[in-house]
*Asks:* 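The structure under discussion is supplied below as structure tokens; questions concerning it will follow.
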Protein chains: 2
Amino acid sequence: MSTAARGDQAGRPVPPAELTGHLAYLLKHAQLALAELTAAALEPYPVNGRELAVLTVLAGNEPASQQQAAQRLGVDRTTMVGLIDALEDEGLVRRHADAGDRRRNVVTLTEAGRDTLHRAGEAAGAAERRFLAPLSTPDAQRLKATLLAVIEPQR
Amino acid sequence: MSTAARGDQAGRPVPPAELTGHLAYLLKHAQLALAELTAAALEPYPVNGRELAVLTVLAGNEPASQQQAAQRLGVDRTTMVGLIDALEDEGLVRRHADAGDRRRNVVTLTEAGRDTLHRAGEAAGAAERRFLAPLSTPDAQRLKATLLAVIEPQR
DNA sequence: TATTGTTATACTCTATAACTATA
DNA sequence: TATAGTTATAGAGTATAACAATA
């Protein structure tokens, strides 16, 4: 492993001066850096970041159909099939045919699902706090508020 | 095309209340929304956002080898091959064997490359300004500074 | 006819391994 | 031995089309 050994991997690059003014670059690499921290933090748990988000949305909207969860998360319903499959295989959620509309699968969290949501959610939160550590608390809060403001009206 | 016709596509979802506090969600969807606007803005030009970023980095660091450009952008060198291929096919860049070290390809912009950089860069900038329109100018500047602050020290 | 979940398929982005030519 | 570029390949993530069951 010589001097330039890391050159083969992407890693997190030092932002090049030509791109530090480009929001697209900043957003992409902020997202990648946080995703990396989060992935490491979630390693002990049976979910990745996307699956944790599914658990979060399901817990906040029970009982919800697969399609409702998919819409909330902004993923395709065909993608949701695989996500629910994985969560069900881990015993974190269960599918039930909706009594009123038997085309629908209502998805509910199991006890293990709720437990994982809390513990993995805490781990992901800790990763986020580490990521935001260079900022003051008000700056960190402003960042979130600003991102939300820019996301909301775009549609 | 009925009421729920758009339900099949992801689109930009209304942020679910359970996730608006999660930075990972906010960053991801901000990035996706901006990427969508940028892609539409670049449609008339022979480059996408990634290729425009390559042109930008190359223009700021001529003469640069493929590997140097790859490191600056944070992409793998195997990925850079395809990016340069596409730019070369469009006549926007040229590869030259480095006189001093013939393993290296020095990549330079053509006239067309410089022209595309300026015009497509302006289009992408306009997309960014539209994306940031909900924010005051100081808020927009603060957003960029904050993202940079959080990206830089992570390595 | 339309909708939910599903499967099969394909496309993009990215990374790893192995090859070549040069050093 | 090591490095720059390349190729082949594989893995995520995502989307489209088509099908079965149900409405």
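Lettering follows sequence order; numbering is per chain, from 1. Note that the structure is a prediction, hence the values are computed from the model and not measured.
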*Asks:* Are the side chain of A/Q68 and the backbone N or O of A/S65 linked by a donor-acceptor pair below 3.5 Å?
*Replies:*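 Indeed, once roles are kept as given, a pair shorter than 3.5 Å links the two residues.
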*Asks:* If I take atom CE in residue A/M80 and atom P in nucleotide D/dA15, what distance separates them, rounded to the nearest angstrom?
*Replies:*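 It is 12 Å, rounded to the nearest whole Å.
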*Asks:* Which residues, if any, of residues 16-23 of chain B bring a heavy atom under 4.0 Å of DNA chain D?
*Replies:*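 Within this stretch, nothing sits under 4.0 Å of the strand.
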*Asks:* Between B/R95 and B/E88, does at least one N-O distance fall below 4.0 Å, as a salt bridge requires?
*Replies:*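 The answer is yes: the pair qualifies as a salt bridge.
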*Asks:* Taking salt bridge (Lys or Arg N to Asp or Glu O under 4.0 Å) as the test, write out the residues that go with B/D101, two or more places apart.
*Replies:*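 In terms of salt bridge (Lys or Arg N to Asp or Glu O under 4.0 Å), with neighbours along the sequence ignored, B/D101 is linked to B/R103, B/R104.
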*Asks:* Would you give a per-nucleotide map of nucleotides 17-23 of chain C, 5' to 3', where B means the base has a protein non-hydrogen atom under 4.0 Å away, S means only the sugar-phosphate does, and - means neither?
*Replies:* BB---BS
*Asks:* OP1 or OP2 of D/dG13 sitting under 4.0 Å from any side-chain N/O of B/K28?
*Replies:*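 Negative; the distance criterion is not met.
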*Asks:* Taking A/V57's backbone N and O only, do any of them form a donor-acceptor pair with A/N61's side chain (distance below 3.5 Å, no angle check)?
*Replies:*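 Indeed, once roles are kept as given, a pair shorter than 3.5 Å links the two residues.
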*Asks:* Cluster question for you: counting only ILVMFWY and a side-chain heavy-atom cut-off of under 4.5 Å, with indirect links fine, are B/L32 and A/L143 together?
*Replies:*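 No: no chain of side-chain contacts under 4.5 Å links B/L32 to A/L143.
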*Asks:* Of B/R104 and B/L32, whose closest DNA chain D nucleotide lies nearer the 5' terminus?
*Replies:*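 This one resolves to B/R104.
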*Asks:* In residues 40-61 of chain A, which residues come under 4.0 Å of DNA chain C by heavy atom?
*Replies:*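 Of all residues in residues 40-61 of chain A, none places a heavy atom under 4.0 Å from DNA chain C.
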*Asks:* Judged by atom type as modelled, is there a donor-acceptor pair below 3.5 Å linking the side chain of B/Q67 to the main-chain atoms of B/R77?
*Replies:*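 No, because the side chain of B/Q67 does not come within donor-acceptor range (under 3.5 Å) of the backbone of B/R77.
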*Asks:* Who are the side chain to side chain contact (heavy atoms under 4.5 Å, CB included) partners of B/A86, not counting sequence neighbours?
*Replies:*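 By the side chain to side chain contact (heavy atoms under 4.5 Å, CB included) rule, B/A86 matches B/E51.
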*Asks:* Is any side-chain nitrogen or oxygen of A/Q66 closer than 4.0 Å to OP1 or OP2 of C/dT6?
*Replies:*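 Yes, A/Q66 has a side-chain N/O under 4.0 Å of OP1/OP2 on C/dT6.
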*Asks:* Please check this pair: side chain of A/T20 against backbone of A/P15, looking for a donor-acceptor N/O pair closer than 3.5 Å.
*Replies:*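 Absent.
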*Asks:* Side chains of residues 114-121 of chain A: which donor-acceptor partners sit under 3.5 Å, not counting sequence neighbours?
*Replies:*
from   : atom 1 : to     : atom 2 : distance (Å)
A/R114 : NH1    : A/E62  : OE1    : 3.3
A/R114 : NH2    : A/E62  : OE1    : 2.8
A/D115 : OD2    : A/R119 : NE     : 3.2
A/T116 : OG1    : A/A112 : O      : 3.0
A/H118 : ND1    : A/R114 : O      : 3.1

*Asks:* Would you tell me if any nitrogen or oxygen in the side chain of B/Q67 comes within less than 4.0 Å of OP1 or OP2 on D/dG5?
*Replies:*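 B/Q67 to D/dG5 OP1/OP2: side-chain N or O found under 4.0 Å.
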